[in-house]
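Data first, discussion second: the structure below is written as C-alpha cells.
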Amino acid sequence: MCGIFGVSGLKDAAQLAYLGLYALQHRGQESAGIVSVDRDGAPHAHRGMGLVNEIFSPETLRSLIGDVAVAHTRYSTTGSSIIQNAQPVMANYHRGPLALAHNGNLTNARELRDDLVRRGSIFQSTSDSEVLVHLIARSDARSPDDQILDALERVEGAYSLLLTIGQTLYAIVDPRGFRPLTLGALGRGYVLASETCALDIVGATPIRELQPGEWLKIRDGNITDLPPLPRKESRRCVFELIYFSRPDSTVFGESVDRVRRDLGRELAREHPAPGADCVFSVPDSANAMALGFAEVSGTKLEHGLIRNHYVGRTFINPGQSARTAKVQIKFNPVRGVISGKSVVVVDDSLVRGTTSRNLVQMIRHAGAREVHFRFASPPIKGPCYYGIDTPNRSELIASSHSAEEIRQHLGVDSLGYLSLPGTLRAAGGDPDRFCHACFSSQYPTVVPDETPAEREAASLAHAVSL
Ligand code: AMP
C-alpha cells in the first residue's frame, strides 16, 4: 500500500508535501520521496529508504524548490523493497520532465511490461508503476492528456495517481475507484492526498473526493476536469475502512471512525460474549471497534493491551520469525486489568493468525480466566491484487482452516468474526460499491496468477462457507 500527496500553486510545495507524507506514514514505511517542480518546469527530487522523518533533512527540503510537488510513501506490493522502486517515478519525457506517484496495483503489469521490454523499453525498477510511464512516453497521441489517456486505457487494476508533466499536475482515479484520493484547497493553491488526515495537517479544506474514473489537471491555479475514464462498476476497497486508513480520515465519503464503531456494534450483535468481565481492543486499529462492541453489549471497556508506538506495523517486516518476535515488542498486557477475568479481545482482521495467537498466549500468561476473540471483519481468504499487502493464499489461515480449527490454533475459548453482510452494512451506503475480494474471492478484475478455474473454485468455496 502507499500514500500519495500532491501540491499545486503553493510556495515551498515540498515543505507541504513533507507534512502530508508525515500524515500518510501509516500507508507505507519502506521508502518515501518528493519531487518538486520549479517555475521553469525543472524537477528537484529526493527519495530514500525508511521513514519520512529519517529521509528528509531541513537542507534537503530547502533544495526541493518550486510551487508544484508530488510525494509518495511506499511499502511494496509489487516489486521488492529497494531504492530503485521508491517513488515518485521520474522520467525525461519528450513533453517535459515527468514524475509519477501511484497508490494501487496494476493487475496486468506483467504482460504489459514483457511487451514493452520486447519492443525495446529499458526499465529502471521492478515496480508496476513504471509501466505507466513507458506507456505514456510511447503513445502516438498528440497531446499529453491523450497520451495519458492512451496509457490508462491499457492498464487494469487499481490506481490513484498524481502525475506532473512540467508544471501541470494530474490527479487520476481508476474507473473502479479502489483507492481514495481527495482534492483540497489551500490559499490560492490546491493539494491532493490519499486521505483527508493529510489535508488537515497542512490546514487545507477538503473540496471533494475524486470519484471512480475521474481525472483532472491543475495548472496556474486552474482546475480542468477531463472527460471521465470509460465507466466500470465502482469497487471501493472495504479494507481501507476496516484497517488501512486512519480513523480521523474521511474515505469514500465515510468517516473511518464511524465505520469502525459500527463494525464493533455489528460484531456485538452477531457474536456477543455474555458474562465476560471486560472488552478491550488490539490497539490502535481496533480501538473504535471495541468501543462499538462495548456500547452494544454493555460489557465494560478496558485498556488491556498497551502498544509500543516506536515499532512499525508488524506485517511490514518480511520473514515469519521477525514477525513473531515483533508482536512481543509491539504489545504488552496490563495484568491488573486481565488477571482472573473473562475477557473479550477485539481485533480488526484475521490474516495469518500470528498476531492473535501470540496475543492470546500473552493474555493467558497475564492471568485471564477466559479469552473470547472477536474480529470486526470476515476472515481474509484470498490475496489482494489491488494494493493491500496480504500474503499468498497459502499463508492465509482462513483459506484452509475452519473456524473451529482456527479457534484451537489461537487457543481461545470462543471465536467470532463479523459476516460480510454485517461488514458492508457498517461500511455504509450501497454494498455493491465495494471490493471485498479478500473476504469473498469475488475479484472484480482478472487477477495475475490465478487461472479462471482456480478463481471459480475459490469463489465457490466461499459461497459454501457462507
Ligand atoms: P494475524 O494475527 O497474523 O492474522 O494479523 C492480524 C493483524 O494484522 C491485525 O491486527 C491487523 O490489524 C493487521 N493487519 C491486517 N492486514 C494488514 C496489512 N495488510 N498490513 C499490516 N497489518 C495488517
Side-chain angles (χ1 to χ4, degrees), residues 4-10 13 35-45 66-72 87-104 106 108-109 112-113 115-116 119-124 128-177 179 181 183 188-192 207-208 210-232:
I4 57 176
F5 193 86
V7 183
S8 175
L10 290 162
V35 176
S36 66
V37 185
D38 67 23
R39 293 236 165 99
D40 302 322
H44 304 268
D67 60 6
V68 174
V70 280
H72 190 267
Q87 292 198 22
V89 180
M90 288 177 72
N92 283 322
Y93 156 69
H94 50 279
R95 299 301 188 122
L98 179 152
L100 171 94
H102 173 201
N103 175 204
L106 305 178
N108 62 343
L112 290 172
R113 188 188 175 104
D115 180 51
L116 285 161
R119 292 193 288 129
S121 284
I122 297 169
F123 278 78
Q124 291 170 12
D128 59 333
S129 316
E130 198 187 340
V131 166
L132 271 164
V133 175
H134 286 269
L135 291 175
I136 295 169
R138 280 178 173 268
S139 164
D140 293 328
R142 294 182 49 185
S143 68
D145 294 4
D146 288 339
Q147 292 181 326
I148 294 171
L149 186 60
D150 248 9
L152 297 178
E153 282 176 347
R154 296 196 55 199
V155 296
E156 259 294 356
Y159 53 87
S160 283
L161 301 172
L162 290 171
L163 170 76
T164 53
I165 295 180
Q167 280 222 311
T168 307
L169 172 67
Y170 290 86
I172 306 167
V173 172
D174 70 73
R176 295 184 182 85
R179 303 278 152 232
L181 188 61
L183 171 70
R188 291 173 178 212
Y190 295 97
V191 291
L192 288 129
I207 301 177
R208 67 172 195 277
L210 268 68
Q211 293 307 303
E214 186 176 350
W215 63 309
L216 52 85
K217 63 177 176 180
I218 311 177
R219 195 183 166 112
D220 301 330
N222 298 313
I223 298 187
T224 311
D225 288 307
L226 294 153
L229 301 174
R231 232 184 93 76
K232 292 189 178 140

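Distance check, rounded to the nearest 0.5 Å: OG of S139 to CG of D150 gives 3.5 Å. How far CH2 of W215 is from CG of L210: 12.0 Å, rounded to the nearest 0.5 Å. One finds the CG atom of L100 at 5.5 Å from the CG atom of L163 (value rounded to the nearest 0.5 Å). Note that CD1 of I165 and NE2 of H94 are 9.0 Å apart. Values are rounded to the nearest 0.5 Å. Put simply, CD on E153 and CG on D146 are 9.5 Å apart, with the number rounded to the nearest 0.5 Å. N222 contributes atom CG, which lies 12.5 Å from atom CG of L216 (distance to the nearest 0.5 angstrom).
Across all non-hydrogen atoms, the minimal contact from H44 to D38 is NE2-OD2, 2.9 Å. L192 and A171 get closest at one heavy-atom pair: CD2-CB, 3.7 Å. The two atoms that bring P43 and M90 nearest to each other are CB-CE, 3.8 Å, heavy atoms only. Taking each heavy atom of Y170 and P144 in turn, the nearest pair found is OH-CB, 3.9 Å. Across all their heavy atoms, G177 and P212 have their closest contact at N-CB, 3.7 Å. Taking all atoms of both residues into account, the shortest heavy-atom contact from Y159 to P175 is OH-CD, 3.5 Å.
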List the steps and the verdict of side chain to side chain contact (heavy atoms under 4.5 Å, CB included) for T224 and D145. CA-CA 11 Å; T224 311; D145 294 4; over 6 Å; no
Would you please test I172 and L229 for side chain to side chain contact (heavy atoms under 4.5 Å, CB included) and show each step? CA-CA 9 Å; I172 306 167; L229 301 174; 4.3 Å; yes
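In this structure H134 satisfies the ring pair (Phe, Tyr, Trp, His ring centres under 6.0 Å) test together with F123, sequence neighbours excluded. Here S129 pairs with Q87, H102 under the side-chain hydrogen bond (donor to acceptor under 3.5 Å, both in side chains) rule; sequence neighbours left out. Under the side-chain contact (heavy atoms from CB on, under 4.5 Å) criterion, V70 pairs with V35, P88, A99, L162, T164, L169, sequence neighbours left out. For R138, the side-chain contact (heavy atoms from CB on, under 4.5 Å) partners at least two apart in sequence or on another chain are L116, R119, S121. The salt bridge (Lys or Arg N to Asp or Glu O under 4.0 Å) check on D67 picks up nothing, with sequence neighbours excluded.
A donor-acceptor contact shorter than 3.5 Å links the side chain of Q147 to the backbone of A141. The backbone N or O of A42 sits nowhere less than 3.5 Å from a side-chain atom of D40 that would complete a donor-acceptor pair. In this structure, the side chain of D174 does not engage the main chain of L161 through any donor-acceptor pair within 3.5 Å. At distances below 3.5 Å, at least one donor-acceptor pair connects side-chain atoms of E130 with backbone N or O atoms of Q124.
You'll find the side chain of Y93 stays beyond 4.5 Å of the side chain of V133, heavy atoms only. Between I148 and L226 there is no side-chain heavy-atom pair separated by less than 4.5 Å. At a threshold of 4.5 Å between non-hydrogen side-chain atoms, the residues L106 and L132 count as touching. Side-chain contact between I4 and S160 is present, with at least one heavy-atom pair separated by less than 4.5 Å.
Among residue pairs with one or both ends in residues 218-229, those qualifying as salt bridge (Lys or Arg N to Asp or Glu O under 4.0 Å) are R208-D225; sequence neighbours excluded.
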